[in-house]
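What follows is a single structure, written as structure tokens, with notes after it.
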Amino acid sequence: MRKTYNFSAGPAVLPEEVLEQAREEMLDWHGSGMSVMEMSHRGKEFMSIMDKTESTLRELADIPAGYKILFLQGGALSQFAMVPMNLLGESGKADYVQTGQWSEKAINEAARYGSVHIAASSESDGFNSAPPLAQWKISPGTAYVHYTTNETIGGVEFQWIPDLSAIAGSDKTIPLVADMSSNFLSRPFDVSKFGLIYAGAQKNVGPAGLVLVIIREDLLDVAPLSGTPTMYRYKTYADNASMYNTPPTYAIYIMGLVMEWLKKQGGLAAIEQRNIAKARLIYDLIDASSFYHCPVNRADRSRMNIPFTLSDSSLDEVFLKQAQTHGLLQLKGHRSVGGMRASIYNAMPLEGVQALAAFMQEFERNHA
Ligand SMILES: *Cc1c(COP(=O)(O)O)cnc(C)c1O
């Protein structure tokens with residue numbers, strides 16, 4: 001058993017059972033005489049790992065027929081380009097919801113390829129909320145609407161899935177595109193509401209180097225912008241079962257172990273309940289205190305990433321140092337925000353959050 005708890009925003013904590021199983025199988029996977037890292041991606045051993053990983057994900061997230069699961073590389077940032085390159089189509093226009101640093105990066109990248117319209121923004125309140133659907137304005141002829149389900153840096157999470165057909169002048173045939181990198185599989189979600197979902201693995205599902213795309217099949221028929229490289233076309237992955245080139249085999253294997261672990265936890269509905277309980281522990285403590293502060297609008301607070309500040313920022317370094325000696329690692333806030341950030345993804349056990357809460361209370365008693 002490890003004696004530390006890792007609150008990193010990503011790459012982030014993985015379930016200890018998963019790491020132990022990987023260690024056991026490191027030199028010889030299931031009697032094959034090979035490490036997963038040494039296998040041909042087209043051999044029957046790795047093919048079975050990949051098939052199982054995909055089918056378990058499909059089962060866990062209840063991904064309907066008519067949606068393809070793709071395994072890619074290049075992180076979520078490459079999706080910031082790949083989405084517009086593949087989906088802008090003839091209209092060349094896309095709508096984006098601006099809620100913080102990750103959505104802004106997505107917007108800036110999309111603007112290199114087409115005309116971007118900001119459908120809604122929370123800039124006026126310092127990106128501390130999720131703009132209500134009533135404020136969204138969809139531009140006519142838009143190719144898709146993109147939003148970030150959880151702003152990892154700001155700690156703002158949409159607790160609802162936007163229903164585009166409820167917006168005047170819009171309709172439900174407009175594909176909804178979501179960057180789910182930091183709350184993917186942290187709760188049940190209705191895939192059929194989306195045209196495309198992408199998620200970098202290193203927050204909630206596995207090691208860095210793997211990015212998942214779930215795409216509605218009709219979107220594979222949109223012609224990519226001319227000049228789109230082969231490796232930047234979704235169809236390349238869809239037509240070749242994500243094996244056009246060598247996929248990130250070891251990352252896929254670890255993701256497969258995480259999927260099995262999630263199943264054993266009771267699936268997404270069960271993990272959601274645990275995530276709610278974990279987040280509540282820290283937010284309740286912050287709200288009951290005048291020493292700690294979280295700037296995010298209560299209804300839009302992230303269950304995955306909790307940014308908070310101390311009333312006296314000159315204590316930040318002391319807080320981090322003492323946390324470290326208590327085995328509470330990587331609590332430093334994003335360099336752009338300062339303060340602290342506790343990322344409590346699926347793999348963070350309740351005990352880790354309880355340890356953080358106890359430390360925060362003790363620190364407040366000693367310094368308030
Ligand atoms: C971490 C993160 C990214 C960037 O992912 P990379 O894998 O580093 O490219 C993008 N969007 C969100 C919401 C993230 O949390």
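Just follow the structure's listing: the first ligand is 1, and inside any ligand the first atom is 1.
Of all the listed residues (Glu151, Gln79, Lys203), Lys203 holds the heavy atom that lies closest to atom 2 (C) of ligand 1. Among Trp102, Phe184, Tyr198, the residue whose heavy atom sits closest to atom 4 (C) of ligand 1 is Trp102.
Residue Ala76 has at least one heavy-atom neighbour below 4.0 Å for each of these atoms of ligand 1: 3 (C), 4 (C), 5 (O), 6 (P), 7 (O), 9 (O), 10 (C).
The shortest N or O to N or O distance between Gln202 and ligand 1 is under 3.5 Å. At a 3.5 angstrom cut-off on N or O pairs, Thr152 counts as close to ligand 1. At least one N or O atom of Leu77 sits closer than 3.5 Å to an N or O atom of ligand 1.
For the side chain to side chain donor-acceptor pair (under 3.5 Å) test with Gln21, the passing option among Arg23, Glu17, Glu25, Glu24 is Glu25; the others fail.
Under the 4.0 Å criterion applied to side-chain N and carboxylate O atoms, Glu317 and Lys332 are assigned as salt-bridge partners. Residues Glu157 and Arg301 are not paired through a salt bridge, judged by the lack of any N-O separation under 4.0 Å between the basic side chain and the carboxylate.
Under a 4.0 Å heavy-atom criterion, Asn150 is in contact with ligand 1. Residue Gly75 places a heavy atom under 4.0 Å from ligand 1.
Ring pair Tyr147/Phe194 is parallel by interplanar angle, where below 30° counts as parallel and above 60° as perpendicular.
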Quick one, Tyr283 with Tyr292, criterion side-chain hydrogen bond (donor to acceptor under 3.5 Å, both in side chains). Give me CA distance, side-chain angles, the key distance, then yes/no. CA-CA 10 Å; Tyr283 285 121; Tyr292 298 109; over 6 Å; no
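The protein heavy-atom contact nearest to atom 11 (N) of ligand 1 is Asp179 OD2, 2.7 Å.
Residues Val36 and Met39 form a side-chain contact, since some pair of their non-hydrogen atoms from C-beta on lies under 4.5 Å apart.
Under the 6.0 Å distance and 45° angle rule, Lys193 does not count as a cation-pi partner of Trp160.
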